[in-house]
Q: 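Handing you a structure now.
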Amino acid sequence: MNKTPEQMNEDLLRPVFHTTWRFWATVGVLLSVIAAAGLALSYQVWNGIGVWGIDRPAFWAFDITNFVFWIGISHAGTLISAILRLANATWRRPVTRCAEVITLWALMIGGMFPIIHLGRPWLFFWLAPYPNERGIWPQFRSPLMWDFFAISTYITGSAIFLLYPIIPDWALVRDKSSGWRKKFYTVVSLGWRGTPKQWNRLEMAMKIMAVVIIPVAVSVHSIVSWDFAMAPVPMWHSTIFAPYFVCGAIFSGIAALIIAMAIIRKALGLEDYMKRLHFENLGKLLLVMSLLWFYFIVSERLTTWYGNEPSEMAVFWSTQIGSFSPLFWTMVCCNFLIPVPLLAIKKLRTITGTVIASSTIIVGMWLERFLIIVPSETHKYLPYAYGSYRPTWVEITITAGTFAAMMLLYVLFAKFVPIISIWELKLGERKPVVSPQLSVVASDLPALAEPTGLATDS
Amino acid sequence: MTAIYGLYPDPGSAERAFQSLRRPPDGVDVSDNDIVILSSEPFEEYEFGRRGHRTVMPWLAALGGLAGGLLGFLFVSYTQRAYPLPTGGMKIVSLWPDGVITYELIMLSAILTTLVTLLITARSPRRSRKLYDPQVSEGKILVGVVNPAEASSAGLERMLRDAGASSVVSCP
Amino acid sequence: MTVDLDRCTGCEACVVACRAENNVPTAGPDQAARQRAIHWIRVERYWEGEFPNARLRFQPVLCQQCDAAPCEAVCPTYASYQNPEGLNAQIYNRCVGTRYCANACPYTVRFFNFYNPVWDKPFHLQLNPDVSVRSVGIMEKCTFCIQRIKAAEIQAEAAQRELKDGEFNPACVQSCPTKAMVFGNLNDPESEVSRLSQSTRGSKLLEEVGARPKITYLARESAPEEGGATS
Amino acid sequence: MDRRDFFKISALTGATAALDSCGKPERQLIRFIPEEDLVPGVATWKPSICTLCPAGCGLIVKVMEGEAEVVRNGKLGLMPMGLAKKLEGNPNHPVNQGKLCPRGQAGLQLTYHPDRIKTPLKRSGERGSGEFQEIGWDEAIKELAAQLSALQSSQESASLAFLTSPLRGQRRELVERFLAASGAPRPTEWAFLDDAVLRRANQLSFGRPQLPTFDLAHANYVISFGADFLGTWNSPVAQSIAYGEMRQGRSGRRAKFVMVEPRVSLTGANADEWISARPGTEGVLALGVAHVIIGEKLRPASGAGGPAALIEGWPQGLPDFSPDLVEKRTGVPAATITRIAREMAGHEPAIAMIAGAPLAETNGLWSAMAVNALNALLGSVGQPGGVLFTPDSAAAPPKPSQASREGLPQPLQALAQQALSGRPNPVKALLVHDANPVFASPPAWRIREAIENVPFVASLGSFLDETSILADLILPDHSPLESWLDDVPESGTMQLAASVAPPAMLPLHSTRAMPDVLLDIARQLGGPLSAALPWKSFDEMLHAGFVDLGERLGTTNAKGADDFWKKVQAQGGFWATETKLAAPKDPNSVGRAKAVAPSDPQFQGDEQGYPFYFLPYASQMLYDGSLAHLPWMQETPDPLSTAMWGTWVEINPKTAARLGIRQGDLLEVASQHGKLRAPALIYPGIAPDVIAMPIGQGHESFTRYASTRGANPISILAPLTEPETGSLAWAATRVKISRVGEGKLTLFGGGLSRFPHEIETR
């Protein structure tokens, strides 16, 4: 791309400074959806969780499905951007921030469900370890407590990881803005000036974070999977779950990222920054994950089928040919049959192509979470205790609300923060210079007359 | 505080200014600590961009992680002993689950240590704080000296200009 | 506890007795249709074969009071834990309603209060004062009538004597007409329940899951086609 | 479901008294002084008697202090009183020995039922409209007395009819005396599941008009022809206790149990072998077995004695009942018949029992006698491990009835005829007590019209059911726990037993026990009535009766009378401790020697038009429908179908597949006498040509829990009867079925078999 730093500033700061009617319209629509979900939620808290469709034995359904789904989505950002940073993939620069934001918001939304799905949500704080009048600490053997720690770690890490590279950009906004914005950004940019030391520490911190956040991300979704794997329930109690979930998480994460980028790109007119190249590369990643996902589900199903353990087979058949089979095969189409050709054939791996693939994958992955949870619950060991599940409007509204919330938070973020990391972008645009000597040569030949430049530490 | 600095359009000239400031001609004396460099992006590949490079941040992070993990484990096992309730036929202090929590706490404290280290180290030294020029945000690189000696200020200005500054500012 | 499947006739006296003793709420037709009826003990029935050789087997299923109970370890608030006597206790006041225990339970014997229970007046007068009523969002399950256990222990203590075997029984055991259920102290080798649990007909429900249940099921026998009584 | 309700409940139960929220109506009520001394939190156990079925089990009631809203001299207020909390079997009672069936457990809810009639009611709207106005007791009694004295003064006492569920003990005595003294005919007793046929058969065969008691505990072989003796028939608890012993009570010995019925019942589910014989041919099968036993000389034909003398062709060795012929008629393989015969003969003592559907055929009496003969042949009558009779229960009701009059009382359908036709004399006044014939009789009998045809109808029931809603005057009865009770178990024990129990708790509402109402009326009317019923209250009558019994049995004398009376009250009854087995009398003494010719069962509906036998059966939870108003019974899953809160139609899987019927489809079941709709339930244990349906649901009006729920199989039954006893042949209807849409079936249980996925993968 051939954009001067000034142009970049101009393009990327525009969304921050100028607010169009489209912004307000979007916010309005999203807010109304969220309000509906809020009402549904309060209705639930007031009357009891019975207003959901959950029953015995399907004690978990949409609630935990959404939980797992959103935590999965959260693996879009931090993990991917961390990997790309460590791999020093130069094309990452316009992508990373979009990605990291998804993580933060998705975590917040997902992390909400363990609370609102409680039978007595007003007592959620009993899960937190603090000295209390009940004289009893939480049960650290419970995977739910692991969730509590893993998710809070991950959310802290991701927030910080996201914040670090924003600071210089906020400083930039500070210099460019006036009035309340000036005050606001002066505060949030933490007195950033850009001394080499600051830059160095910042980048060092980024490196450490990138190293730390990857194992955290992996652990988070492993633990989410252990919520199921630790319970002796047919098809839950499985060793493959942790990697299977992590894979699925990254899978759905990338899909979410692609969709987000496509929207941003159109909405904020950043066509020149997020180009087909990015979608293609992410598309390739997505393709890999799709194949990997398929590999996992095949190995899971195959081992189950060979094992032929009666209670597991009950679950197995209910998904293959039983009552859940329509959902199951839809999922296979959404996650594999449709995306793979779209992503594998170069002709189709366009922006539109990848976006279509991603959308089906989002649907497919939501179904996957659902199909992991409910069929096992409704087909436990004793056939007499078999059951079924049908959602009510409450759960559906709340689920819709989560998606709206995601978009709203995203829109607001793009309002207050340049959605592309400007300084990193500039850094990327600069011709990479390996050593100062060369740089001097490269920068200006006349200077050769002067010995000083060459004399430096040679 | 008084200061004198030049704004440079490109890293090359900034590098030259920096080099000249580090080896000032007679009559001009500049202490290394007084040299200030501000840029809107890191210039790792230039020497001026590598000032104050040495840091123990990774080690601190590692240490913080270990400390946090240790405390975490102690905390968890303490609470389990404090109100011992047998469940699931497991030991009161059962290592596998505690391990998971400990692991997460290691990571958390590593992250937080990093954050703290960053906030502290990135702001020192505090003496030259005030010196700033919004033009840095335009991509200009600021190379300057704070509290220059009266005598050498003229020399400094020349040096900065010779290095190819687009403008040289001196604030009284 | 031991359950003799050869004695059990599936009459469900135990089911109603439990309901009466433990203030189990009535879900009502609508909630029952949504699979929310609560029966701490249930008599499962399984068909085998087809007409004219169709056979039916009954199997009362209640909380198995497992030694390695999957429900306990997963509860974040210790609402479900193993009490000193080895029962899976459920502390209603600690329960926040994650419903994790119910999912972890291989026997699906845990029941959830999806709403606050209602008793059309004056049905509330029949509630047993010794058993607390469970509010919305709380998990409940068979307690082996712990209120009866405690009462008997207190009386024995007051009289400074040991509890006698069969001195008291949970509601289900007490009502069972065929004496299919026997309740007692497994730690006491002399007790009838200890003796029966050693029976060659004995087995545990879903032993393979490894929850180490405390209830022993005595298998149903079948008479040989030729010749009537087995002797 | 609002929080406050919960708070009230929990506060009242003392579970979470701290949560008690303020401003509740309770707080504004007056507080009465307790009428009994109570220790809060301490349970006292009081004896009582279960009245929900004719078994007559003894109860002990857990009574604890609680605060109830009660009406005292016209004011509503709160009173701390002893409240019944739990029913258990009376450990000392010879019938149920401390055990109790699910129905008995739920008896508690009769007392606390929200839809109980709380005060006397006078009809204010159209008949059947259910519009009543509350009146005081004095007015109610006066009203009823006026009606009766009007009849007397106009010499029309014969036009007074009394319709009741079968009565025993002093209640029967009271009613009989009341009617006799007022010149009215004997009470018409009605219960859908009556055993009149079996009683008659036993009278003919053994001279005992009584239900048998089986010594299962010592039997080595049991064959049951349709007798649901573990579920709903005769004395289920007593029989279950014995069954448990028969299975595992004797180390090393375990009796074989064979069930003969076209649809696996709760009892059949426990059988070692299930044989499906064509409905109505059970007697034939029994004689087939007898044929083999005689033929193979396993027992001497002559050994059968009296009972056999009543079976045509017995002396000739039952030529018409060779296994092959029997196979043709019953559909049971000849080989099986022979095998069963040998097994039975080889494992004495062996028991053959018959009840339920086989007796509800037009040839029921003959079938019963055939089985009796088989028992006699096996020599198990009056023997340990065989068929026994509770010591002469006729002697047991204290004071043999002075009022006992010749001739059987008028059967229900005859009464209906009389009410409709007015011949021989019109029915001017009808008293209904605890019977609901409008619900529980075939439509062809036109009971509803009959009752509507009676100028004055008074009900002594506790609930507004289909019958009492037609009444002009309702004098609500106490709940059993609030009343003085007595009972004389007809069977289920080998001891002479007469139970009695004082009220377990004070009445919650302003109700009055039926006997006391009759005594009040008698007092009001004076004359012969008050002479025949000299007692002030029912407990006085019981006192007198039991003291008299004690004296007659020599257990007490005039001096010890009061102690005796206290003792029997305390232990819940009187029972002779030593076991005396009552040997059956010689049937000829009953004066009937001529043998009965075998007759084929009649069915209404031809095989083409109505391809299925229709088999209604007593529901394990709702019994004959009289318990449908108890939420506990409604919500307890039926043991075999696991269904709650509704009815269903059981159909064989293959038949269903052939007709394209799936589980839960709404079916229309039509007979010549009507049709009903209910969801289909695929039922592996039923013959392909039989459709079964539980009795109990389908009430038009029976409290909030039962009204308009499910369908009533009785409403499509043909009015066929067993000719000699005139009791309803409720298993003699044929039906056709058709799928009419999607139905609603609420099941508690999921998978039908242990490994359902294997079916799924087929």
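To find a chain, count down the sequence lines: A is the first, B the second, and so on, and within it residues start at 1.
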Q: Given that the side chain runs from C-beta out, which part of T642(D) has a heavy atom under 4.5 Å from chain C: side chain, backbone, both or neither?
A: side chain

Q: Are I241(D) and T178(C) packed together at the side-chain level, in the sense that at least one heavy-atom pair is separated by less than 4.5 angstrom?
A: no

Q: Tell me the residues of residues 170-177 of chain C whose non-hydrogen atoms fall below 4.5 Å from those of chain D, in number order.
A: A171(C), V173(C), Q174(C), S175(C), C176(C), P177(C)

Q: At their closest point, which heavy atom of A32(C) faces which heavy atom of M644(D), and how far apart are they?
A: CB-CE, 4.0 Å

Q: Tell me, side chain or backbone of I38(C) under 4.5 Å from chain D's heavy atoms, or both, or neither?
A: backbone

Q: Is there a ring pair (Phe, Tyr, Trp, His ring centres under 6.0 Å) between F51(C) and W274(D) once you walk through the steps?
A: CA-CA 10 Å; F51(C) 179 87; W274(D) 170 46; 5.6 Å; yes

Q: Between R7(C) and E245(D), is the closest basic N to carboxylate O distance under 4.0 Å?
A: yes

Q: Does K85(D) reach the side chain of P129(C), with side-chain heavy atoms less than 4.5 Å apart?
A: yes

Q: When heavy-atom pairs shorter than 4.5 Å are enumerated against chain C, which of N96(D), V264(D), I686(D), L508(D) gives the highest number?
A: I686(D)

Q: Name the region of R42(C), side chain, backbone, both or neither, that has any atom closer than 4.5 Å to a heavy atom of chain D.
A: side chain

Q: Taking atom NE2 as the centre, does H509(D) end up with more than 12 heavy-atom neighbours from other residues, nucleotides or ligands that are less than 6.0 angstrom away?
A: yes

Q: Do you know the tightest heavy-atom contact between S222(C) and D272(D)?
A: CA-OD1, 4.2 Å

Q: So does Y46(C) get a backbone contact from the side chain of R754(D), meaning a donor-acceptor N/O pair under 3.5 Å?
A: no

Q: Kindly assign one of parallel, tilted or perpendicular to the pair W47(C) and Y683(D), based on the angle between their ring planes and the thresholds 30° and 60°.
A: perpendicular

Q: Are P114(D) and K121(C) side-chain neighbours, meaning at least one heavy-atom pair lies under 4.5 Å?
A: no

Q: So does E167(C) have more than 12 non-hydrogen atoms from other groups sitting under 6.0 Å from CD?
A: yes

Q: Between H113(D) and F123(C), does the ring centroid distance fall short of 6.0 Å?
A: yes

Q: Rounded to the nearest 0.5 Å, what separates atom CE in M64(D) from atom CG in L125(C)?
A: 13.5 Å

Q: P236(D) versus chain C, heavy atoms under 4.5 Å apart: side chain, backbone, both or neither?
A: neither

Q: Is there a side chain to side chain contact (heavy atoms under 4.5 Å, CB included) between L266(D) and F58(C) once you walk through the steps?
A: CA-CA 10 Å; L266(D) 177 72; F58(C) 289 116; 3.8 Å; yes

Q: Please step through side-chain hydrogen bond (donor to acceptor under 3.5 Å, both in side chains) for the pair Q248(D) and R201(C), ending with a clear verdict.
A: CA-CA 12 Å; Q248(D) 292 293 332; R201(C) 294 191 293 136; 3.2 Å; yes

Q: So how far is it from Y705(D) OH to T26(C) OG1, rounded to the nearest 0.5 Å?
A: 7.5 Å

Q: So for P52(C), is it side chain, backbone, both, or neither that comes closer than 4.5 Å to the heavy atoms of chain D?
A: backbone

Q: Starting from the C-alpha separation in whole Å, work towards a yes-or-no answer on salt bridge (charged side-chain N to carboxylate O under 4.0 Å, His left out) for D120(C) and R704(D).
A: CA-CA 10 Å; D120(C) 300 332; R704(D) 68 186 74 174; 3.6 Å; yes

Q: Quick test of your reading: applying salt bridge (charged side-chain N to carboxylate O under 4.0 Å, His left out), list the pairs with at least one residue in residues 13-38 of chain C, sequence neighbours left out, ordered by first then second residue.
A: R19(C)-E635(D), E21(C)-R148(C)

Q: I need the minimum non-hydrogen distance between C11(C) and P102(D), along with the two atoms involved.
A: O-CG, 3.2 Å

Q: With a 4.5 angstrom heavy-atom cut-off, could you sort out which part of A84(D) is near chain C: side chain, backbone, both or neither?
A: backbone

Q: Let's test your reading of the structure: which of R342(D), R247(D), Q109(D) forms the most heavy-atom pairs below 4.5 Å with chain C?
A: Q109(D)

Q: What part of D6(C) gets closer than 4.5 Å to chain D, counting heavy atoms only: side chain, backbone, both or neither?
A: both

Q: Where is the tightest heavy-atom contact between A54(C) and G685(D), given as atom of each residue plus distance?
A: CB-CA, 4.0 Å

Q: Does the side chain of R45(C) come within less than 4.5 Å of L752(D)'s, by heavy atoms?
A: yes

Q: Just do the salt bridge (charged side-chain N to carboxylate O under 4.0 Å, His left out) check on E50(C) and K654(D) with the steps written out, would you?
A: CA-CA 9 Å; E50(C) 296 177 354; K654(D) 289 225 166 59; 2.7 Å; yes

Q: Relative to chain C, which segment of A687(D) carries a heavy atom at a distance below 4.5 Å: side chain, backbone, both, or neither?
A: both

Q: Heavy-atom distance under 4.5 Å to chain D: side chain of A33(C), backbone, both or neither?
A: both

Q: Would you mind telling me which of M621(D), Q620(D), R103(D), Q105(D) makes a side-chain contact (heavy atoms from CB on, under 4.5 Å) with E12(C)?
A: M621(D)

Q: Distance from S276(D) atom OG to N53(C) atom CG, nearest 0.5 Å?
A: 11.0 Å

Q: Under 4.5 Å heavy-atom distance to chain D, tell me which part of Q126(C) shows up: side chain, backbone, both or neither.
A: both

Q: Non-hydrogen atoms of chain C under 4.5 Å away: do they reach the side chain of T636(D), the backbone, both or neither?
A: both

Q: Do D130(C) and K62(D) meet the salt-bridge criterion of a basic N to acidic O distance under 4.0 Å?
A: yes

Q: Flag the one option from G749(D), S240(D), P684(D), G231(D) with the top tally of heavy-atom pairs under 4.5 Å to chain C.
A: P684(D)

Q: C8(C) and N270(D): which non-hydrogen atoms are nearest, and at how many Å?
A: O-OD1, 3.1 Å

Q: Assess whether side chain to side chain contact (heavy atoms under 4.5 Å, CB included) is satisfied between V16(C) and M633(D), documenting all intermediate values.
A: CA-CA 8 Å; V16(C) 185; M633(D) 293 287 91; 3.7 Å; yes

